[in-house]
Amino acid sequence: MVANIQNNNTNYGGYNSPEVSIDSNLKRWFSRNIGLWKSNRTYFLEEERKTYNLCMYINIESLENKKEWESHYKFTWYPEKKYSFFDEHPKYRERGEMQAFIKDHQLIREKFYLSDIDGISNIKQVDEHEMIFESSYEDWYILEHTRLIDGDNYRYRVIYSWNKDKLKIVENHHEIKIIT
C-alpha cells in the first residue's frame with residue numbers, strides 16, 4: 001500500500017537564474033492561504049478507537065527570499081487553550097513552526113508534523129480551490145486534501161495518516177480565516 005513517493009534529498013544545489021519553475025496556479029493558491037486561521041479539528045486515533053476535538057490556530061506567512069522565483073512560507077501553530085490530548089499523546093506537537101518552499105509541484109519542508117526530519121510533499125491540483133499533498137517519511141504515508149471555500153474565508157482539510165501500511169490517524173479540520 002505505502003510507496004516511498006519522494007527522494008528526501010532536499011539539497012538541490014544553487015540556482016543562478018530565475019527560470020520558470022513554479023506553476024503560477026500553485027503559487028497563487030498558496031498566497032490565498034496567507035493569514036491566521038482558527039482550526040476546529042477532529043482527530044480519530046485508530047489504536048484507541050477514540051475521537052478528540054481540539055481548536056488550534058495556524059498562522060501562514062510568506063517569507064522574503066533572495067530567489068524571487070521560489071515561494072517560501074512559515075507555518076506556525078498553537079492551541080486555543082490547554083488540552084490534555086498533548087500530554088496523553090506527546091508525539092503530537094502542541095505548538096511549533098515549520099518553514100517550507102515550493103519547487104515545481106512539490107512542497108519542500110524543513111520538517112514534518114510528527115517528525116523533525118526534512119522532506120518533500122508532492123502536490124496535485126484538483127481545481128483552482130483544492131490541492132492534495134502526498135508525503136512519505138520514516139514509516140508514515142500522509143494524504144491531505146485542502147480545499148478553500150467561500151472566497152477563501154474557510155478551509156476544509158482532511159488528512160489520512162498510515163504508519164507501516166496501517167491507517168492510524170484520520171483528521172478533519174474546519175478552518176475560518178481570522179486575519180488576512
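Only a predicted model underlies this, so the values are computations on that prediction, with no experimental measurement involved. Excluded from the calculations below are hydrogen atoms, water molecules and symmetry mates; all remaining heavy atoms, backbone and side chain alike, are included.
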Enumerate donor-acceptor pairs with a distance under 3.5 Å from any side-chain N or O in residues 46-55 to protein atoms, sequence neighbours excluded.
unit_1	atom_1	unit_2	atom_2	d
Glu46	OE1	Arg49	NH1	2.9
Glu46	OE2	Arg49	NH1	2.5
Glu47	OE2	Lys168	NZ	3.1
Glu48	OE1	Tyr52	OH	2.4
Glu48	OE2	His89	NE2	2.4
Asn53	OD1	Thr42	OG1	2.8

Would you sort out whether Lys82 and Asp87 count as a side chain to side chain contact (heavy atoms under 4.5 Å, CB included), showing the intermediate values?
CA-CA 10 Å; Lys82 181 72 177 154; Asp87 296 327; 3.6 Å; yes
May I ask you to decide if His129's main-chain N or O and Asp127's side chain share a donor-acceptor pair within less than 3.5 Å?
yes
Between Asn153 and Trp37, what is the shortest heavy-atom contact and its length?
O-CZ3, 3.9 Å
Could you walk me through whether Met98 and Trp77 pass side chain to side chain contact (heavy atoms under 4.5 Å, CB included), step by step?
CA-CA 9 Å; Met98 178 196 69; Trp77 65 92; 4.2 Å; yes
Once the angle between the rings of Tyr160 and His145 is folded into 0 to 90°, is it parallel (under 30°), tilted (30 to 60°) or perpendicular (over 60°)?
perpendicular
In the single-linkage hydrophobic clustering (I, L, V, M, F, W, Y; side-chain heavy atoms under 4.5 Å), do Leu36 and Tyr154 co-cluster?
no
Using 0.5 Å steps for rounding, measure from the CZ atom of Phe75 to the CD1 atom of Ile58.
9.0 Å
Could you check Arg93, Lys91, Arg109 and say which one makes a salt bridge (charged side-chain N to carboxylate O under 4.0 Å, His left out) with Asp116?
Arg93
In terms of side-chain heavy atoms, does Gln99 have a donor or acceptor partner in His72 at a distance below 3.5 Å?
no
Check: Ile120 and Lys103 side chains under 4.5 Å, non-hydrogen atoms
no
Can you tell me how far CD of Glu144 sits from CD1 of Ile159, rounded to the nearest 0.5 angstrom?
4.0 Å
Return the minimal non-hydrogen interatomic distance between Gly119 and Phe112, and the atom names on each side.
CA-CE1, 3.5 Å
Using 30° and 60° as the class limits, which term best fits the ring planes of Tyr78 and Tyr57: parallel, tilted or perpendicular?
parallel
Going by heavy atoms in the side chains, are Ile123 and Ile132 under 4.5 Å from each other?
no
Point-to-point distance, once rounded to the nearest 0.5 Å, from CG of Asp165 to CG of Leu167:
11.0 Å
Here the gap from Ser136 atom OG to Tyr141 atom OH, rounded to the nearest 0.5 Å, amounts to 8.0 Å
Is there side-chain contact between Phe85 and Tyr92, with heavy atoms separated by less than 4.5 Å?
yes
Are any non-hydrogen side-chain atoms of Ile102 and Trp29 less than 4.5 angstrom apart?
no
Check Glu128 with Arg28, please: is the shortest side-chain N to carboxylate O separation under 4.0 Å?
no
Identify each donor-acceptor pair in which a side-chain atom of residues 169-178 lies under 3.5 Å from a protein atom, sequence neighbours left out, and give them as a table.
unit_1	atom_1	unit_2	atom_2	d
Glu171	OE1	His173	NE2	2.7
Asn172	OD1	Tyr156	OH	2.8
His173	ND1	Arg41	NE	3.3
His173	ND1	Arg157	NH2	2.9
Glu175	OE1	Arg155	NE	2.7
Glu175	OE1	Arg155	NH2	2.6
Glu175	OE1	Arg157	NE	3.4
Glu175	OE2	Ser39	OG	2.8
Glu175	OE2	Arg157	NE	3.2
Glu175	OE2	Arg157	NH2	3.1
Lys177	NZ	Arg32	O	2.9
Lys177	NZ	Ile34	O	3.3

Any donor-acceptor pair under 3.5 Å linking the side-chain atoms of Glu134 with those of Asn122?
no
Answer yes or no: is there a side-chain heavy-atom contact under 4.5 Å between Thr76 and Glu61?
yes
Interatomic spacing from CD1 in Ile179 to CG in Asn59 - rounded to 0.5 Å
7.5 Å
For residues Phe101 and Tyr73, establish whether the separation of their ring centroids is below 6.0 Å.
no
Under a 4.5 Å side-chain heavy-atom rule over Ile, Leu, Val, Met, Phe, Trp and Tyr, are Phe30 and Ile60 clustered together?
yes
Show the nearest heavy-atom pair for residues Glu110 and Glu97, with the distance to one decimal.
OE2-O, 3.8 Å
Could you pull out the closest heavy-atom pair between Tyr83 and Lys81, with the gap in Å?
CD1-O, 3.2 Å
Rounded to the nearest 0.5 Å, how far does CD of Gln106 lie from OG of Ser135?
10.0 Å
